[in-house]
Amino acid sequence: MGGKKDVLGEARLCAQDKGKALAAHSTLNRMELGALGGDWRYRKIIPDAGRIEALLMEEGVKAIPRRSREIVLDFDATDDPLHGAQLRDVKWDASDGTVEALKKIVTVIRRRFGNKVRKIVRADSGFSREAIMAWCEGNGVFYCLGLARNERLSARLGKAFGKLTRL
């Protein structure tokens with residue numbers, strides 16, 4: 001690492017630093033920012049997105065209590081800068097990628113729980129799409145999706161529509 005022979009820190013001068021590896025902020029920063037093919041002393045850290053995604057899903061599903069009878073998968077397309085600024089521009093439908101995400105998530109859930117747990121997809125009207133509903137129905141996943149007000153829905157519900165209250 002960086003031309004140093006004592007990468008484990010055994011020969012450090014300060015007692016408090018003895019035995020500490022060379023992974024300080026500056027070392028990690030050089031590794032992170034070192035360009036491929038640049039300075040031969042540094043190696044760029046290249047994340048494996050697929051493995052990171054799989055690990056996060058496995059750990060997330062492990063956090064669900066074993067005795068759960070029902071798991072609600074809440075889908076939301078709103079912007080939250082804290083969680084990666086996932087707001088999409090107008091070129092993308094809010095539900096794009098949902099079926100692909102469901103396939104991955106439900107596979108991990110089934111691996112841990114089998115078919116003993118009921119899986120429910122809950123989302124607003126932005127996810128009321130034929131492909132999502134068809135996938136859920138074909139794979140034993142329940143869904144509760146909002147429907148935006150429209151003329152056709154108003155005609156079908158008639159007077160009962162006026163009695164519905166918003167939550």
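With values rounded to the nearest 0.5 angstrom, Ile71 atom CD1 is found 8.5 Å from Arg112 atom CZ. For the atom pair CG (Leu55) and CD (Glu58), the distance works out to 8.0 Å, reported to the nearest 0.5 Å. Separation of atoms CG (Leu145) and SG (Cys136) is listed at 7.0 Å; rounding is to 0.5 Å. Interatomic distance, CG of Asp124 versus CG of Leu147, reported as 10.5 Å (0.5 Å rounding).
Side chain of Ser125 to main chain of Gly146: no donor-acceptor pair is present (N/O by atom type, distance under 3.5 Å, no hydrogens or angles). A donor-acceptor pair under 3.5 Å is formed between the side chain of Asn150 and the backbone N or O of Arg152.
Side chains of Phe75 and Ile132 form no contact here, defined as non-hydrogen atoms less than 4.5 Å apart. Counting only heavy atoms from C-beta outward, the side chains of Val61 and Arg111 never approach each other to under 4.5 Å. By the 4.5 Å heavy-atom criterion applied to side chains, Tyr143 and Glu137 are counted as neighbours.
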From CA spacing to verdict: side-chain contact (heavy atoms from CB on, under 4.5 Å), Phe113, Ile64
CA-CA 10 Å; Phe113 294 95; Ile64 300 169; 3.7 Å; yes
For Val106 and Asn139, what are the C-alpha separation, side-chain angles and deciding distance, and is it a side-chain contact (heavy atoms from CB on, under 4.5 Å)?
CA-CA 9 Å; Val106 170; Asn139 289 278; 5.8 Å; no
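Salt bridge status for Glu100 with Lys103: absent, with no side-chain N to carboxylate O gap under 4.0 Å.
Few gaps surround CD on Glu10; more than 12 heavy atoms of other groups in view lie less than 6.0 Å from it. Atom CZ of Arg129 has more than 12 heavy atoms from other residues, nucleotides or ligands within 6.0 Å.
Screening Thr98, Leu102, Ile120 for a side chain to side chain contact (heavy atoms under 4.5 Å, CB included) with Leu73, the sole residue that qualifies is Leu102.
Under the salt bridge (charged side-chain N to carboxylate O under 4.0 Å, His left out) criterion, Lys116 pairs with no residue, sequence neighbours left out.
Summarising the geometry of Arg122 relative to Asp74, their closest heavy-atom pair is NH2-OD2, 2.8 Å, with the distance given to 0.1 Å. The heavy-atom pair separating Asn115 from Arg110 by the smallest distance is OD1-NE, 3.2 Å.
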